[in-house]
Amino acid sequence: VVVGASGTIIFSDNGGLAWTPVTPLVTNDLSDVTWNGLEFIAVGSDDTVLVSEDGQNWEQFGTGTSDIAFEAVATGDVSVPTEPVLAAVGSSGDLVVTDTIDLLQVNTGTNEKLTGITWVDDGTTAYFVIVGNDGTVLTAQDQE
């Protein structure tokens, strides 16, 4: 699955040899997409979060946040697909985390635009690494 400007979503079911466009569900720009072991999650401007089990049929997910331009999304704990952790970052230092039950907007301590996020699991410690404008590098770890 690939996402882009004006709600563009295209998917391939043959390893990328051919691509099929999806009828746009939104007109907002989409900036990133991830797979959590159960479904695709796409994020974008104006609090846009879309979910799909197959990459073809999408639904909008209400975050309850306001005015976040999501830039990147990542999943963690994919070894436990019943409760994957999803995190999205964006404008003004925004970090939103959910375990499919609770949604939490986290204060990152920065107002810099956050542009990338990935999950790191070294077998001992698991956490998100977040990068952003002006050399911003953050980590976020679940504090159960």
Side-chain angles (χ1 to χ4, degrees), residues 1-110 112-132 136-144:
V1 174
V2 178
V3 298
S6 302
T8 299
I9 300 174
I10 58 175
F11 76 96
S12 175
D13 59 5
N14 62 3
L17 296 175
W19 293 87
T20 304
V22 174
T23 302
L25 182 62
V26 297
T27 58
N28 301 339
D29 291 341
L30 300 174
S31 55
D32 199 13
V33 64
T34 191
W35 171 256
N36 70 6
L38 301 173
E39 60 193 356
F40 293 99
I41 300 98
V43 297
S45 62
D46 295 328
D47 304 309
T48 301
V49 178
L50 305 176
V51 295
S52 172
E53 292 181 4
D54 60 9
Q56 300 173 53
N57 301 295
W58 292 83
E59 295 179 18
Q60 194 155 7
F61 176 78
T63 63
T65 59
S66 61
D67 300 325
I68 296 176
F70 289 115
E71 295 291 328
V73 63
T75 57
D77 263 347
V78 290
S79 61
V80 186
T82 56
E83 288 190 36
V85 176
L86 175 74
V89 295
S91 56
S92 302
D94 296 304
L95 169 61
V96 176
V97 180
T98 183
D99 61 4
T100 68
I101 298 169
D102 298 313
L103 185 98
L104 179 64
Q105 192 165 356
V106 178
N107 180 351
T108 61
T110 184
E112 293 295 334
K113 180 178 182 180
L114 302 176
T115 56
I117 185 168
T118 192
W119 180 252
V120 176
D121 186 346
D122 65 10
T124 304
T125 308
Y127 54 94
F128 288 102
V129 175
I130 303 163
V131 297
T136 302
V137 179
L138 306 169
T139 60
Q141 185 176 352
D142 185 17
Q143 304 292 318
E144 293 184 33

A.B. asks: About how many Å separate OG1 of T139 and OH of Y127, when rounded to the nearest 0.5 Å?
C.D. replies: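 Rounded to the nearest 0.5 Å, the OH-OG1 separation comes out at 7.5 Å.
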A.B. asks: Can you check side chain to side chain contact (heavy atoms under 4.5 Å, CB included) on W119 and V129, steps first, answer last?
C.D. replies: CA-CA 6 Å; W119 180 252; V129 175; over 6 Å; no
A.B. asks: Which class fits the ring pair F40 and W58: parallel under 30°, tilted 30 to 60°, perpendicular over 60°?
C.D. replies: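 If you compare the ring of F40 with that of W58, the planes turn out tilted.
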A.B. asks: Please tell me if the side chains of T8 and L30 come closer than 4.5 Å, counting only heavy atoms from C-beta onward.
C.D. replies: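 Of all side-chain heavy-atom pairs linking L30 with T8, none is under 4.5 Å.
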A.B. asks: Would you mind reporting whether S6 and D29 have side-chain heavy atoms less than 4.5 Å apart?
C.D. replies: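 SC-SC contact between D29 and S6 confirmed.
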A.B. asks: Side-chain contact test, heavy atoms from C-beta onward, threshold under 4.5 Å: evaluate it for V2 versus W19 and give yes or no.
C.D. replies: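 Yes, side chains in contact.
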A.B. asks: Can you give me the closest heavy-atom contact between T118 and A74, atom names plus distance?
C.D. replies: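 Closest approach of T118 to A74: CA-CB, 4.1 Å.
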A.B. asks: Identify the two heavy atoms, one from F70 and one from D47, that lie closest to each other, and give their separation to 0.1 Å.
C.D. replies: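 F70 and D47 have their closest heavy atoms at CE1-CA, 3.8 Å.
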A.B. asks: Between I41 and V49, is any pair of side-chain heavy atoms under 4.5 Å apart?
C.D. replies: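 They are in contact (side-chain heavy atoms under 4.5 Å apart), so the answer is yes.
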A.B. asks: Hey, are the side chains of V96 and I68 touching, using non-hydrogen atoms and a 4.5 Å cut-off?
C.D. replies: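 Contact flag for V96/I68 side chains = yes.
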A.B. asks: Is it the case that T48 and D46 place a side-chain donor and acceptor less than 3.5 Å from each other?
C.D. replies: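 Judged by distance alone, the side chains do not pair up.
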A.B. asks: Which pair of non-hydrogen atoms, one from A88 and one from V43, has the smallest distance, and what is that distance?
C.D. replies: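 Heavy atoms of A88 and V43 come nearest at CB-CG1, 4.2 Å.
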A.B. asks: Of all heavy-atom pairs between S31 and V3, which one has the smallest distance, and what is that distance?
C.D. replies: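 S31 and V3 have their closest heavy atoms at C-CG2, 4.0 Å.
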A.B. asks: Rounded to the nearest 0.5 Å, what separates atom OG1 in T23 from atom CD1 in I9?
C.D. replies: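 The OG1 atom of T23 sits 10.0 Å away from the CD1 atom of I9.
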A.B. asks: What I'd like to find out is whether the side chain of I10 reaches to under 4.5 Å of the side chain of V22, using heavy atoms alone.
C.D. replies: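 No; the side chains remain at least 4.5 Å from each other.
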A.B. asks: Does a side-chain heavy-atom distance below 4.5 Å link L114 with T108?
C.D. replies: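 A side-chain contact under 4.5 Å exists here.
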A.B. asks: Using 0.5 Å steps for rounding, measure from the OG1 atom of T115 to the CD1 atom of I130.
C.D. replies: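 If I round to the nearest 0.5 Å, the distance is 10.5 Å.
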A.B. asks: Which heavy atom in S52 sits nearest to a heavy atom in N57, and how many Å separate them?
C.D. replies: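 S52 and N57 have their closest heavy atoms at OG-O, 2.8 Å.
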A.B. asks: Rounded to the nearest 0.5 Å, what's the gap from CG on L104 to CG on L95? Could you check?
C.D. replies: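 Interatomic distance, L104 CG to L95 CG, rounded to 0.5 Å: 8.0 Å.
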A.B. asks: Can you tell if the side chain of L86 reaches within under 4.5 Å of the side chain of T34, non-hydrogen atoms only?
C.D. replies: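 Yes, their side chains come closer than 4.5 Å.
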A.B. asks: Does CD in Q60 sit with more than 12 non-hydrogen atoms of other residues, nucleotides or ligands closer than 6.0 Å?
C.D. replies: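 Yes, CD of Q60 has more than 12 neighbouring heavy atoms, counting only those of other groups under 6.0 Å.
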A.B. asks: State whether the number of non-hydrogen atoms from other residues, nucleotides or ligands found under 6.0 Å of E53 atom CD is greater than 12.
C.D. replies: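 12 or below, so no.
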A.B. asks: Between N14 and S12, is there a side-chain donor-acceptor contact under 3.5 Å, judged purely by atom types and distance?
C.D. replies: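 The answer is yes; a qualifying pair exists.
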A.B. asks: Measuring from L50:CG to E39:CD, what's the distance to the nearest 0.5 Å?
C.D. replies: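 Rounded to the nearest 0.5 Å, the CG-CD separation comes to 11.0 Å.
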A.B. asks: Which distance, rounded to the nearest 0.5 Å, do you find between the CG of D94 and the CD of E71?
C.D. replies: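 The CG atom of D94 sits 10.5 Å away from the CD atom of E71.
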